[in-house]
Each structure stands twice: as C-alpha cells, then as structure tokens.
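One structure is given here, and the rest of the page talks about it.
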Amino acid sequence: MKKNSLYYVVLLLCAVVQGAWAEAPVPSTELEPYITTLGNRMVYKFNYPTTSVTGEPIVLSSLLACWAPKEPEEGAAIESVHIYSHYTVTSNSQCPTSYTTSSADFVVLVPLFEGYAYDEKNPYKSIVKRSIVIMPDYEGYGVSSDRTHPYLAEEITAKQVIEAVTYGLELYGKLNGADNTLPLKDDWRCFSIGYSQGGAAALAVQRYIEMNDLSDQLHFRGTICGDGPYDLIATMRYYMDDDGTSYGTTTSHRQEQATMPVVLPMIMNGMIVCDPNMSSHTINDYLAQSFLDTGILDWLNNKNMSTSDINKAWLTQMDEGAVTIGEKTYTAPANMSEMFFKQEVPGMIWGTETVAWAHLDKIFSPGLYNYLKNSNNFNSTPALTGDPYEDLRYALEANNVCTGWQPQHRIQFAHSKGDMVVPYGNYLAFRGAHPSGENDIYRIDDTYSDSDHLNSGSKFLVKLSSEFFSYFEWVDGSTPTGIKTITDERDLMDDAWYDLSGRKLAGRPTEKGLYIHRGKKVVMSW
C-alpha cells in the first residue's frame with residue numbers, strides 16, 4: 001500500500017510539473033489580434049524573449065496597436081512608432097495587455113494611432129497619428145505576473161522595453177498587409193513616451209538606445225516624458241525636507257510626509273531585487289513592522305489591488321480598525337493613527353478625493369529614518385559598505401537616469417512644480433547634470449504647476465494625443481546645436497574617470513563605488 005501511495009504521489013507531482021511547463025509563456029511567432037472593433041485601428045498582443053532582472057532568459061508580454069485604415073489613400077504608410085512606457089500600477093488588471101476599450105489609459109492613447117488626414121498647417125498631427133504604438137508590460141505583470149516587479153530598475157526595464165519594440169516590429173512585418181495594416185514609411189520616426197514611472201522609463205529607453213548604438217536601426221528621434229522619478233535620491237530628500245514651499249509654489253506637503261505611501265515598499269523591493277549588492281538586506285531593514293502589518297506586502301505580491309484600492313484599504317483600517325480583502329482580514333496595527341492621516345486632494349479629473357498620507361518617522365524603520373534625517377550622509381559619493389542604508393543609497397543612485405550619459409536626441413520634459421509624489425527636483429537634477437543643454441537638447445513645460453501628481457498625469461496623457469503635437473515637432477526638429485559638441489567631448493573623455501558629481505578623478509578609482517567612465521556608469525566592487 002505504501003508503494004502504491006508513493007507511486008500515485010509521484011504521478012501527481014509529475015502532472016503538476018507538466019502542467020506548469022505547459023502553461024509557461026513562450027515567444028509569439030505572430031501577432032495575436034486582441035481588439036478588433038476600433039474601425040481603422042487594430043490592437044494585437046504578443047510575447048517576446050528578453051532577460052530578467054536577475055539575468056536569466058524570460059518571456060514578457062506587450063500590446064502593439066496600429067493605424068489600419070480600411071480604405072487607405074495611395075501611398076499611405078506608418079509614419080511614427082511610439083514606445084509607450086506605462087506609469088506605476090499595482091494590479092495586473094492595469095497593465096497594457098489587460099487594457100479594454102473602456103480602460104482610461106487606453107482611451108487616451110487611442111488617438112495616437114487613429115490616423116489623420118494631411119494638414120499643411122499642422123503636419124505633425126498626421127505624422128504622430130499615423131502610427132504604431134508599442135506598450136510593453138513590465139516584468140512582474142502580464143504573462144510574468146508571478147514574478148516580483150523590479151520597480152524603477154531603469155537599465156533592465158529599458159532593455160526589456162526595447163526588446164519588445166524590436167520583436168514587435170519584426171512580427172508586424174510578418175503581417176504583410178493583413179488586417180488592413182500598412183508598411184512603415186522609409187523615413188518613419190520613433191519616439192519614447194511616458195509619465196511618472198513611465199517618464200523615467202522613457203528617458204532610460206533613450207539612454208539605452210543611444211548607448212547601444214540603436215538610434216539608426218530604430219529611426220529614433222527623442223523622448224517626451226512627464227513627471228518622472230529620474231533621480232530617486234532627490235525624490236527621497238524632498239519627502240524628508242520639503243515644507244510646502246519648494247520650487248516657488250505652495251503645496252500641502254510637509255517635512256517627513258509621504259503623499260503616496262504605496263511607492264515606498266515598491267521602491268525598497270525594487271532595489272532589493274534589481275541590485276545584487278542588496279541581496280543580504282530585507283524589507284524589514286527599511287520599513288517598520290507595523291507598516292508592513294497593514295498587509296501592504298500581500299497586496300503588492302497578489303497584484304489584485306490598484307493603487308486606489310490600496311489607498312481605500314488603508315482608509316478603511318483607519319475608520320473601522322480592519323479591512324477584509326478576499327477571504328483575509330487585515331487588522332489595523334495599534335499605531336495606525338500615528339502612521340497615517342487623511343488628506344483631501346484634487347481628483348484626477350474633477351472634484352476632490354480623500355487619500356491616506358503617512359508620517360515617514362512611523363513607516364520607515366528607525367535605522368533608515370535616522371540615516372535619511374542626517375543630511376551629512378548625502379555629502380559623499382555612495383559606496384558599497386554592507387550597511388543597509390548606504391547600500392540602498394548606492395542602489396538608488398545606480399538607477400539615476402540623469403547622470404552618466406550625454407543625450408544625443410532631444411527630450412521634451414513636462415513637470416509640475418506642485419507635484420508632491422514625484423517632485424520637480426527630478427527635472428532640476430537632470431538640468432544640473434546637463435547645464436548647457438536646456439532649450440537646445442532638452443526643454444521643460446511646467447505650465448500646469450498647480451497640479452499634483454495624479455491630476456498632472458491626467459493632463460499629460462489627455463493632451464499628449466490632442467494638443468502636444470508641438471512637442472513631437474520640436475523633438476523631431478533640426479539637429480540640436482549641442483550634439484556635435486557633446487560627441488566631441490565624449491571622444492575626449494574616453495579614458496577619463498568621474499565620480500557621480502561629475503568631478504574628474506586623477507586616474508582609475510582605487511576605492512569601491514559607482515563611477516562614470518566613457519559615458520557609462522561603472523561599479524567598482526573589489
């Protein structure tokens with residue numbers, strides 16, 4: 001009987017393993033029609049091979065949407081390819097391959113690939129809209145939703161996004177006119193676009209394209225990015241230090257407050273999973289146990305709750321002492337009222353909404369709070385020491401997309417000075433790293449600076465496909481005067497080493513740390 005029992009257990013295990021293998025995603029051999037009810041537009045899904053944040057082969061998923069007119073005029077072709085990097089999501093239902101025709105994100109993106117008749121007074125309206133839009137899921141969403149999302153791990157995210165683009169365009173070519181699809185025009189243009197997390201990813205995509213000599217292959221023109229966390233250390237310093245008067249505007253933010261607390265465990269988890277030097281540290285090194293006891297890690301790992309759902313769960317815990325998610329009840333920690341407080345903020349479109357803000361001295365671990373509180377800790381270049389807080393600063397700086405490169409294509413920034421989630425200091429950090437390029441290689445639109453992050457985001461995305469054609473035209477304009485100078489400077493500095501503040505070193509570094517060499521960040525870990 002025991003032998004038979006063992007036999008059946010083995011059979012069961014084999015069946016489970018085979019089932020897992022059968023369900024493992026594989027790269028697509030053709031585009032899969034996904035939304036076919038949009039008239040002169042088509043939307044497809046596809047899976048593509050790439051590399052995971054930990055270095056092994058992985059398959060991720062993406063959407064590809066395109067203008068596909070049923071009765072095209074003679075010579076009609078795709079004029080632009082838009083690489084869209086999405087903003088922060090916490091639910092798998094929010095990722096691009098879960099979009100429906102009523103998803104808010106999809107509704108505002110549809111005009112980008114709806115096609116438009118040529119207008120001599122506004123040629124970029126047709127150039128921008130006669131397009132393909134590629135919208136990858138990030139690792140940890142879509143077909144890889146069982147994995148931890150490497151939040152704000154910029155280098156690997158950019159690599160994965162670009163591999164979605166090249167693979168998706170290859171599959172698109174195989175359609176060969178099916179579903180009314182059109183060929184790409186010989187001089188098609190490629191733009192990188194994104195807001196918030198997607199804004200930083202869009203900028204990282206440009207950096208990846210330029211530093212891997214992909215500009216010609218992808219017909220790359222430049223980037224349009226809004227309110228992105230380009231410099232995570234600048235973002236954390238704002239949370240700790242701002243008293244509501246930064247950047248010449250007045251906000252309700254105060255020192256040591258987090259206005260969107262859900263991003264903090266996402267940042268810590270992202271750094272732990274993306275940086276091998278963080279592998280000996282845990283989330284408990286950075287966040288208070290009482291904060292974790294709200295259930296936040298379960299909610300992020302399950303990927304069934306949006307950021308709005310998580311906010312509502314915290315509000316319910318504040319009001320009722322517990323919240324039930326699915327079949328599990330999460331009791332509010334005893335110090336819930338000390339960690340969180342309610343704040344009224346403008347809604348994404350109209351009215352106001354109640355949100356849960358947090359006190360950083362209550363949700364950070366004492367060690368991290370004291371480290372961030374001491375501004376002297378930020379006077380030197382980050383170094384790998386084995387200390388959890390110094391190693392975290394090192395990881396945050398390693399994902400800074402402002403330094404370590406010289407842009408070769410134009411960048412149109414949009415950033416609200418009133419953003420209390422991703423502060424304006426992120427744009428200033430980029431400007432500080434490239435002081436001679438403003439209004440030449442890059443420029444800023446901060447005309448809606450009374451808006452906080454969500455409200456600013458809705459304006460950015462709505463205007464992107466309805467009013468921002470001047471953005472595309474400027475990005476795609478004549479060669480910026482600074483490009484030749486930048487190229488010449490990079491040639492001259494090939495053998496030079498710099499610290500992260502841009503100071504030239506006497507020679508090759510002799511201490512552990514993060515440095516810049518030949519325009520790239522280099523880790524010295526001996």
Side-chain angles (χ1 to χ4, degrees), residues 88-92 94 140 148-149 151-152 232 235-242 252-273 278 280-345 353-374 388-389 392 396 420-421 452-454:
T88 298
V89 301
T90 54
S91 168
N92 202 52
Q94 297 173 289
T148 299
H149 169 49
Y151 188 59
L152 300 180
L232 287 171
T235 301
M236 299 297 286
R237 297 306 310 158
Y238 170 89
Y239 293 164
M240 293 295 294
D241 299 337
D242 173 68
S252 52
H253 182 266
R254 295 296 179 266
Q255 292 179 346
E256 302 179 16
Q257 291 180 356
T259 63
M260 194 174 180
V262 66
V263 302
L264 297 174
M266 295 181 72
I267 290 173
M268 306 310 167
N269 270 336
M271 296 304 101
I272 289 170
V273 74
M278 292 284 287
S280 62
H281 308 310
T282 69
I283 196 72
N284 297 86
D285 290 321
Y286 307 109
L287 299 176
Q289 186 59 50
S290 55
F291 176 54
L292 300 176
D293 287 343
T294 63
I296 181 59
L297 292 186
D298 278 356
W299 305 339
L300 292 176
N301 290 334
N302 291 339
K303 298 185 178 124
N304 293 325
M305 298 173 67
S306 67
T307 55
S308 178
D309 294 333
I310 291 173
N311 177 71
K312 291 175 182 176
W314 279 329
L315 292 173
T316 301
Q317 286 177 320
M318 294 169 68
D319 290 339
E320 301 177 15
V323 63
T324 299
I325 308 295
E327 298 180 355
K328 187 171 182 178
T329 297
Y330 297 88
T331 301
N335 67 337
M336 190 76 186
S337 61
E338 297 175 13
M339 289 191 293
F340 294 92
F341 63 100
K342 296 180 181 179
Q343 185 75 20
E344 292 292 321
V345 299
E353 59 181 309
T354 303
V355 296
W357 286 11
H359 295 288
L360 294 178
D361 63 330
K362 302 302 181 184
I363 66 173
F364 282 154
S365 68
L368 178 58
Y369 171 77
N370 291 328
Y371 181 87
L372 294 174
K373 185 73 173 174
N374 185 354
Y389 315 118
L392 174 64
L396 294 174
M420 295 180 285
V421 178
D452 195 11
H453 191 67
L454 295 181

[X] versus [Y]: any side-chain heavy-atom pair under 4.5 Å?
| X | Y | result |
| --- | --- | --- |
| D319 | K342 | yes |
| M236 | L264 | yes |
| I267 | L396 | yes |
| Y371 | P388 | no |

[X] and [Y]: which non-hydrogen atoms are nearest, and at how many Å?
| X | Y | result |
| --- | --- | --- |
| T331 | A322 | CA-CB, 4.0 Å |
| H253 | T259 | CD2-CG2, 3.6 Å |
| Y239 | V421 | OH-O, 2.6 Å |
| S91 | S306 | CB-N, 3.7 Å |

Atom [atom1] in [X], atom [atom2] in [Y]: separation rounded to 0.5 Å?
| X | Y | atom1 | atom2 | answer |
| --- | --- | --- | --- | --- |
| I310 | M266 | CD1 | CE | 8.0 Å |
| T88 | Q94 | OG1 | CD | 9.5 Å |
| L287 | T282 | CG | OG1 | 9.5 Å |
| M305 | N311 | CE | CG | 9.5 Å |
| L454 | M260 | CG | CE | 6.0 Å |
| Q343 | Q257 | CD | CD | 7.5 Å |

Looking at residues at least two apart in the chain, or sitting in another chain, which of them share a side-chain contact (heavy atoms from CB on, under 4.5 Å) with [X]?
| X | result |
| --- | --- |
| K373 | M240, E256, Y369 |
| N374 | N376, N377 |
| D298 | N302, K328, Y330 |
| E320 | T316 |

* Go through N269 and L297 one step at a time and tell me if the side chain to side chain contact (heavy atoms under 4.5 Å, CB included) criterion holds. => CA-CA 10 Å; N269 270 336; L297 292 186; 3.8 Å; yes
Not counting sequence neighbours, which residues clear side chain to side chain donor-acceptor pair (under 3.5 Å) with [X]? List them please.
| X | answer |
| --- | --- |
| S290 | N335 |
| T90 | none |
| Y389 | none |
| S252 | none |

Keeping the roles fixed (side chain from [X], backbone from [Y]), state whether a donor-acceptor pair exists under 3.5 Å.
| X | Y | answer |
| --- | --- | --- |
| D242 | Y238 | no |
| Y151 | M271 | no |
| Q317 | T294 | yes |

Side chains of residues 358-366: which donor-acceptor pairs under 3.5 Å do they make with residues two or more places apart or in other chains?
residue: S365; atom: OG; partner: D285; partner atom: O; Å: 2.7
residue: S365; atom: OG; partner: L368; partner atom: N; Å: 3.2

* Plane angle bin for F341 and W357 - parallel if under 30°, tilted between 30 and 60°, otherwise perpendicular ->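 Answer is perpendicular, since the angle exceeds 60°.
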* Applying ring-ring contact (aromatic ring centres under 6.0 Å, His included), name anything that partners Y286, two or more places apart in sequence or on another chain. =>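 So Y286 forms no ring-ring contact (aromatic ring centres under 6.0 Å, His included) with any residue.
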* Asked: Does the side chain to side chain contact (heavy atoms under 4.5 Å, CB included) test come out yes or no for L292 and Q289, once each step is laid out?
  -> CA-CA 5 Å; L292 300 176; Q289 186 59 50; 4.1 Å; yes
* To do: Starting from the C-alpha separation in whole Å, work towards a yes-or-no answer on side chain to side chain contact (heavy atoms under 4.5 Å, CB included) for V263 and L152.
  => CA-CA 10 Å; V263 302; L152 300 180; over 6 Å; no
* What residues, two or more places apart in sequence or in another chain, satisfy salt bridge (Lys or Arg N to Asp or Glu O under 4.0 Å) together with D241? ->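 Partners of D241 by the salt bridge (Lys or Arg N to Asp or Glu O under 4.0 Å) criterion, ordered by chain and then number, come out as R237.
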* Asked: Residues in salt bridge (Lys or Arg N to Asp or Glu O under 4.0 Å) with D309, at least two apart?
  ->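 Per chain and number, D309 pairs via salt bridge (Lys or Arg N to Asp or Glu O under 4.0 Å) with no residue.
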* **L392 vs H281, side chain to side chain contact (heavy atoms under 4.5 Å, CB included): CA-CA, chis, key distance, verdict** => CA-CA 9 Å; L392 174 64; H281 308 310; over 6 Å; no
